[in-house]
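Take a look at the structure below.
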Amino acid sequence: MLVLAGILPDFKLQSDDGDSSTRIAITAALGAGAFGLLSVLVWPLLVRALLLVPALVLGVLAFFLNGSLLLLALSLIPEGRGEAGAETAVVVAAVMSAVASATGGALAVRDDDAYRRRLYRLADRRRRRRPDGTPGPTSPGTVFIQLDGVGHDVLTSAVGKGLMPTVGRWLGGAGTATHRLTPWRTDWSSQTGASQLGILHGSNHDVPAFRWYEKDTGEVMVSNRPASAVELQRRAVERTGDGGLLTVDGASRGNLFSGGAEQLALVLSVAARRGKENRSRAGYFAYFSDPANAVRTALSFVAEVFREIGESTAARVKRRRPRVGRGGLYPFIRAFATVVERDVVVAAVIGDMLAGRSAVYADLVAYDEVAHHSGPAGKDVDKVLRRLDRSLALLDQVAEHAPRAYRIVVLSDHGQSPGETFRTRYGLTLGDLVRAGCGLPVPRKARRTHSGAEARAAVRAALRRPVEEGAEQRRPVRRAEPIVLASGNLGLVSFPDVRHRMTREEIDLRHPALLPTLANHPGVGFLLVRSAERGALVLGARGAEVYLDEEPADLGPLADFGPGAAETVRRTDGFPHTADIMVNSWYDPDDGEVLAFEEQIGSHGGLGGAQSRPFLLSPVVLGDPVADGDGGELVGAERVHHVLRGWLEEDLGPEVPLPVDSVTVNDSLSGAPDSTAFTVPGGAVQDKTL
């Protein structure tokens with residue numbers, strides 16, 4: 001404060017007549033003390049009052065709230081010796097909080113004796129706080145960290161390039177390996193909604209994609225929509241009969257689903273709850289209630305926004321291909337995923353470990369968000385992987401000081417496959433192609449593309465008559481238009497006016513050119529439809545047909561999609577809400593590229609390449625995850641759930657997870673809130689439930 005008073009002309013710590021150096025120092029001490037006291041007493045109340053404000057705005061407001069507290073602190077100095085302009089107060093408060101944060105941050109990552117002693121004292125205090133006076137748990141706890149979207153090959157490459165030294169050390173890079181790395185294979189729907197629901201709740205039945213249309217309700221389900229997430233979790237709990245993986249003293253942080261945990265922070269399936277104690281943003285309170293955390297994260301947020309702008313500008317200047325638009329709100333969305341979400345979730349996990357909780361599951365989404373727009377490989381994502389490794393290193397250090405031993409398991413929910421978008425390559429979207437195949441109007445630009453012309457020709461051939469110019473502009477009178485949805489490189493086509501799932505025969509009768517148009521398009525790998533006579537049917541180019549209800553001798557168009565493709569497609573065919581037509585994009589097995597139906601150059605959601613090959617990194621003291629697997633391979637998110645459940649049962653007993661009559665559906669979705677918070681060395685504020 002003294003240094004800033006000497007530098008900034010609009011900031012003073014002395015009277016108009018001047019004061020001695022001693023008096024100025026006393027004034028600075030009074031101002032700093034008042035500012036610190038207000039930060040402790042008033043700041044948490046301000047953050048609590050602003051929980052209705054979107055998290056992105058809250059980070060920006062941190063600067064102005066901090067400046068307001070400094071102005072209030074200066075007004076409390078006797079005889080009016082403290083004075084600053086509004087803009088100057090914001091700068092002074094930010095610098096003071098940043099210095100405090102930097103000091104704390106240095107302590108948080110240094111393994112010196114002073115920091116070790118402080119952690120031990122904090123852990124001892126929490127042991128003594130046990131309400132029944134019993135000693136702390138003797139069995140080890142387990143922390144599951146999900147690195148969203150990081151595929152097995154991406155992880156091994158990052159370790160080989162030295163981007164993730166902590167993971168490299170665990171895998172034996174500096175001696176004996178403490179962890180084993182196991183790849184696993186996703187279901188057809190290779191995305192967080194299906195994978196995490198299966199991992200946390202043991203069932204991802206009837207999750208055919210990231211988004212899909214349900215004919216019985218007339219609703220479009222979207223995995224990351226709060227109302228959809230709570231319904232998916234309810235269905236999973238009802239199907240399995242238990243509350244989830246985390247029902248015994250568990251914590252769920254930054255996930256789509258709760259896993260049955262009582263301790264919840266930033267969990268989407270509870271975001272639809274109402275009431276001031278149940279707002280989804282309440283998870284930010286414990287972290288941002290420390291102004292040092294707020295300012296540090298806000299500064300990092302701003303830096304990340306400019307980093308993204310610089311990287312996207314460089315991509316345009318160098319004319320990199322493939323490339324998608326990265327303007328608008330995306331720089332702020334990226335900064336939120338890579339800075340705010342990471343900081344808050346890691347801080348919450350540290351609090352869970354120091355509280356001695358039995359099982360913690362947390363999702364870090366930074367890589368997945370960046371890879372969608374920058375691609376699964378390259379300098380942009382390399383920086384993100386380095387930061388994720390530093391987070392793992394910090395958790396590894398905290399484990400040494402927790403009141404119980406902890407085993408850190410790192411896993412991913414899916415990978416990402418590279419490739420340009422379907423629209424970039426062919427000049428029209430999947431929706432345009434479907435409409436053209438149905439003889440419906442499409443945008444003029446799409447009509448003029450080669451694919452659009454081919455689709456119109458297919459319609460003429462199927463109808464065995466010419467289509468008059470402009471006839472395609474007439475909309476059908478009685479029949480609803482198809483709903484076309486995209487989930488990465490997986491497309492779904494549904495006809496909402498038909499209440500049941502249409503068969504291949506019904507589709508051909510209604511739109512004779514549609515299935516041939518889609519199956520023969522070079523950007524489509526295969527289609528799944530339902531035959532009225534022989535069940536699940538896969539269609540490919542040049543009339544290829546594979547019936548999956550009988551053991552196919554020739555996989556036809558599925559052959560390039562790797563082992564297990566037929567089994568996973570057959571399973572999806574049995575879901576009640578599978579679309580009338582499921583469309584998987586083209587896939588090149590030589591370079592692993594797919595064509596996303598969304599605007600993403602790193603995509604996931606269907607079959608093809610690295611997106612279906614995530615990883616499980618587990619301590620060697622735990623059982624081999626593929627010991628009783630399917631032919632030595634870990635297949636499906638539900639199978640991963642059983643592996644994780646088995647590890648928890650080794651220490652917590654066979655009651656994991658609790659049966660549904662012990663943890664009701666409502667309990668598993670709500671959880672009693674508890675706003676207890678504490679601060680660990682380094683300035684990270686921890687929440688108990690928020």
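What you see is a predicted model, and the numbers here were worked out from it, not measured in a lab. Throughout, numbering of the chain's residues begins at 1 and tracks the sequence.
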What distance separates [X] [atom1] from [Y] [atom2], expressed to the nearest 0.5 Å?
| X | Y | atom1 | atom2 | answer |
| --- | --- | --- | --- | --- |
| H641 | S195 | NE2 | OG | 14.0 Å |
| M164 | L147 | CE | CG | 5.5 Å |
| R387 | R342 | CZ | CZ | 6.0 Å |
| M353 | Q397 | CE | CD | 10.5 Å |
| W212 | D206 | CH2 | CG | 7.0 Å |
| L200 | F144 | CG | CZ | 9.5 Å |

Tell me, do [X] and [Y] make a side-chain contact under 4.5 Å, heavy atoms counted?
| X | Y | value |
| --- | --- | --- |
| V626 | E633 | no |
| L411 | P614 | no |
| Y406 | L395 | no |
| L256 | N224 | yes |
| H642 | I199 | no |
| R407 | V621 | yes |
| L555 | D560 | no |
| V635 | E567 | no |

What I want to find out is whether [X] reaches [Y] closely enough, with some N-O distance under 4.0 Å, to be called a salt bridge.
| X | Y | result |
| --- | --- | --- |
| D549 | R570 | no |
| E231 | R234 | yes |
| R571 | E638 | yes |
| R211 | E598 | yes |
| R253 | D363 | no |

- Task: Dump the intermediate steps for side chain to side chain contact (heavy atoms under 4.5 Å, CB included) on L364 and L388, then the final yes or no.
- Result: CA-CA 8 Å; L364 299 177; L388 290 175; 3.9 Å; yes
- Message: Taking side chain to side chain donor-acceptor pair (under 3.5 Å) as the definition, give me every residue that meets it alongside H372, ordered by chain and number, with sequence neighbours left out.
- Response: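 Only D368, Q600, H604 meet the side chain to side chain donor-acceptor pair (under 3.5 Å) criterion with H372.
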- Query: Short question: side chain of Y361, backbone of A261 - any donor-acceptor pair under 3.5 Å?
  - Reply: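 No; zero donor-acceptor contacts below 3.5 Å.
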- Message: Quick check against the 3.5 Å criterion: does T178 have a side-chain atom that pairs as donor or acceptor with the backbone of P619?
- Response: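 No, the answer is negative, given that no donor and acceptor are paired below the 3.5 Å cut-off.
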Verify the distance criterion only: is there a donor paired with an acceptor across the side chains of [X] and [Y] at less than 3.5 Å?
| X | Y | answer |
| --- | --- | --- |
| S139 | R404 | yes |
| T166 | D389 | yes |
| T156 | D153 | no |
| Y587 | E593 | no |
| T572 | D187 | no |
| Q263 | S252 | no |

- Task: List for me each residue that meets ring pair (Phe, Tyr, Trp, His ring centres under 6.0 Å) alongside H205, sequence neighbours excluded, and say none if there are none.
- Result: F575
- Task: Could you tell me which residues satisfy ring pair (Phe, Tyr, Trp, His ring centres under 6.0 Å) with H179, sequence neighbours excluded, listed by chain and number?
- Result: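 For H179 the ring pair (Phe, Tyr, Trp, His ring centres under 6.0 Å) partners, ignoring immediate neighbours, are W170.
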- Item | Verdict with supporting geometry, V230 and L268, side chain to side chain contact (heavy atoms under 4.5 Å, CB included) | CA-CA 8 Å; V230 71; L268 192 71; over 6 Å; no
- Check each of Q196, Q146, Q191 against D413 using the side-chain hydrogen bond (donor to acceptor under 3.5 Å, both in side chains) test, and report the only one that passes.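 The option that passes is Q146.
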- Message: Against S358, only a single residue in T142, L648, D249 fulfils side chain to side chain contact (heavy atoms under 4.5 Å, CB included); can you say which?
- Response: D249
- Item | Near-ring test F526/W188, centroid separation under 6.0 angstrom |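 Aromatic pair counts; centres sit under 6.0 Å.
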